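Accompanying notes for the structure given below.
Everything quoted here is computed from the prediction, not taken from an experiment.
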Amino acid sequence: MNAFNYTHVLTKAVEELSDSQSYQGLFHQYKEGEPLPSGQSLRKIVDLARAILFPGYFGNPTIHSQTMNYHIGVNVEELFALLIEQIQAGLCFGAENGDQDCEEIPCRSKAAELAARFISRLPEMRRVLATDVEAAYYGDPAATCLGEIICCYPIIRAITNYRIAHELYQLDIPLIPRIITEMAHSETGIDIHPGAQIGDHFTIDHGTGVVIGATCIIGNHVKLYQGVTLGAKSFPLDEQGNPIKGIPRHPILEDDVIVYSNATILGRITIGKGATIGGNIWVTESVPPGARIVQRKSKGE
């Protein structure tokens with residue numbers, strides 16, 4: 001019985017995988033000083049931001065009011081350094097994929113400016129996140145205290161990542177915002193595109209399976225339940241048959257809207273202020289303010 005020729009099989013696989021045609025579009029050409037953003041560093045950035053936004057709940061658990069300034073200062077300094085590095089990597093990635101050159105010194109200077117601008121938004125981010133915590137607490141009779149919401153509820157982790165990513169997205173930083181929201185997606189099952197616009201007092205009960213598209217606009221005091229999709233109905237194509245990017249294609253939810261579990265809302269439609277969307281239904285047309293949309297009962301029920 002002939003022995004299996006492992007060498008031949010492995011050599012053939014290496015040759016096929018090294019063929020440039022096989023990795024076209026899948027290969028990132030490394031350039032000195034232009035690394036891709038690091039998932040490990042971005043996780044550290046999120047951890048530091050959480051420790052700054054929710055001191056004592058994340059990061060150093062021994063922090064108290066007398067040492068707050070010191071601990072916040074240390075975390076902000078480390079966050080600033082990491083942001084410069086990762087934003088520079090993101091800018092270089094964007095330049096490369098836009099067929100432009102990334103000059104190291106201007107790129108790093110721009111990264112430092114953007115990192116500082118992001119950090120300047122942290123106080124407002126904390127203010128809005130406090131409203132999200134309140135919305136989750138007052139919207140769930142099972143919640144015992146605000147601390148339980150911050151420590152345990154997936155929406156707080158997901159919305160924190162989203163609000164971090166959204167600020168970076170607003171600064172036109174490539175790639176990094178999407179990585180940060182996808183980290184929360186993997187952690188919580190809640191998929192929020194960083195381009196979505198979400199007001200204050202926002203919450204998702206349970207959370208798993210929620211999808212919020214890139215061009216969604218969500219007002220204040222909106223509540224979603226698990227399995228809700230705020231998606232696009234169709235993708236207009238250009239003359240070459242490719243999807244047209246950047247056009248508004250996701251729903252607008254005005255203030256005080258409630259959407260129950262497994263509802264699917266598609267297209268650039270408006271769900272009016274104070275409307276309620278029942279569970280397990282599809283909505284593809286605008287809903288007037290204050291309306292209540294539920295499944296129709298079949299005859300005989």
Side-chain angles (χ1 to χ4, degrees), residues 41-84 86-87 112-140 143-171 173 176-177 179-181 183-185 187-188 190 192-204 207 212 217-224 255:
S41 293
L42 289 174
R43 278 188 286 273
K44 180 63 174 175
I45 284 170
V46 170
D47 289 343
L48 284 167
R50 286 176 177 172
I52 293 166
L53 294 165
F54 301 100
Y57 286 107
F58 299 98
N60 190 335
T62 65
I63 190 171
H64 52 80
S65 57
Q66 286 76 22
T67 60
M68 183 69 71
N69 188 270
Y70 169 77
H71 285 290
I72 294 292
V74 169
N75 285 336
V76 164
E77 185 176 354
E78 185 176 0
L79 177 62
F80 181 59
L82 282 172
L83 278 169
I84 292 173
Q86 292 306 301
I87 290 173
E113 176 191 338
L114 293 172
R117 289 171 62 187
F118 170 82
I119 288 172
S120 75
R121 297 294 297 163
L122 287 173
E124 173 63 12
M125 198 183 304
R126 179 190 279 172
R127 185 197 69 78
V128 176
L129 283 166
T131 73
D132 299 328
V133 172
E134 289 177 1
Y137 175 71
Y138 290 113
D140 185 0
T144 60
C145 62
L146 296 179
E148 180 184 2
I149 299 293
I150 295 169
C151 291
C152 304
Y153 280 45
I155 177 53
I156 299 307
R157 292 179 178 267
I159 197 66
T160 301
N161 277 44
Y162 156 76
R163 296 206 185 278
I164 292 167
H166 182 69
E167 291 299 331
L168 295 169
Y169 185 90
Q170 292 291 92
L171 294 170
I173 297 168
I176 289 173
I179 294 175
I180 289 174
T181 53
M183 287 176 178
H185 185 193
E187 186 178 1
T188 67
I190 299 170
I192 308 176
H193 193 283
Q197 300 176 47
I198 301 177
D200 58 36
H201 292 87
F202 176 73
T203 190
I204 305 174
I212 300 176
I217 300 176
I218 298 175
N220 301 323
H221 296 274
V222 170
K223 184 176 185 179
L224 310 180
D255 296 350

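Here the straight-line distance linking atom CZ of F58 with atom CG of L48 works out to 13.0 Å at 0.5 Å rounding. Atom CG of D140 and atom CD of E148 lie 8.0 Å apart (nearest 0.5 Å). Considering CD1 of I52 and CD1 of I164, their distance stands at 9.0 Å, rounded to 0.5 Å. To the nearest 0.5 Å, atom CZ of residue R163 and atom CD1 of residue I192 are 8.5 Å apart. F118 contributes atom CZ, which lies 8.5 Å from atom CG of L171 (distance to the nearest 0.5 angstrom). Y137 contributes atom OH, which lies 6.5 Å from atom CG of L146 (distance to the nearest 0.5 angstrom).
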Can you list the steps and then say if M68 with I63 is a side chain to side chain contact (heavy atoms under 4.5 Å, CB included)?
-> CA-CA 6 Å; M68 183 69 71; I63 190 171; 3.7 Å; yes
Give the intermediate values and the outcome of side chain to side chain contact (heavy atoms under 4.5 Å, CB included) for residues N220 and H201.
-> CA-CA 6 Å; N220 301 323; H201 292 87; 5.5 Å; no
Apply side chain to side chain contact (heavy atoms under 4.5 Å, CB included) to the pair Y138 and T203, showing each step before the final yes or no.
-> CA-CA 10 Å; Y138 290 113; T203 190; over 6 Å; no
Give the intermediate values and the outcome of side chain to side chain contact (heavy atoms under 4.5 Å, CB included) for residues I176 and L42.
-> CA-CA 8 Å; I176 289 173; L42 289 174; 3.6 Å; yes
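Applying the side chain to side chain donor-acceptor pair (under 3.5 Å) test to residues at least two apart or on different chains, the pairs with a partner in residues 53-67 are N60-T62, H64-Q66.
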Under 3.5 Å, side-chain donor or acceptor atoms of residues 74-84 against the rest of the protein: list the pairs with distances, not counting sequence neighbours.
from, atom 1, to, atom 2, distance (Å)
N75, ND2, H71, O, 3.4

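A salt bridge does not link E124 to R121: none of the charged nitrogens lies less than 4.0 Å from a carboxylate oxygen.
Checking side-chain atoms of N161 against main-chain N and O of I180 turns up a donor-acceptor pair under 3.5 Å. In this structure a side-chain-to-backbone donor-acceptor pair under 3.5 Å is missing from H185 to I190. Using a distance-only test at 3.5 Å, with no hydrogens or angles considered, no donor-acceptor pair links the side chain of Y153 to the main chain of G207.
Applying the side chain to side chain donor-acceptor pair (under 3.5 Å) test to R117 and every residue at least two apart in sequence or in another chain returns nothing.
Side chains of F54 and V133 form a contact here, defined as non-hydrogen atoms less than 4.5 Å apart.
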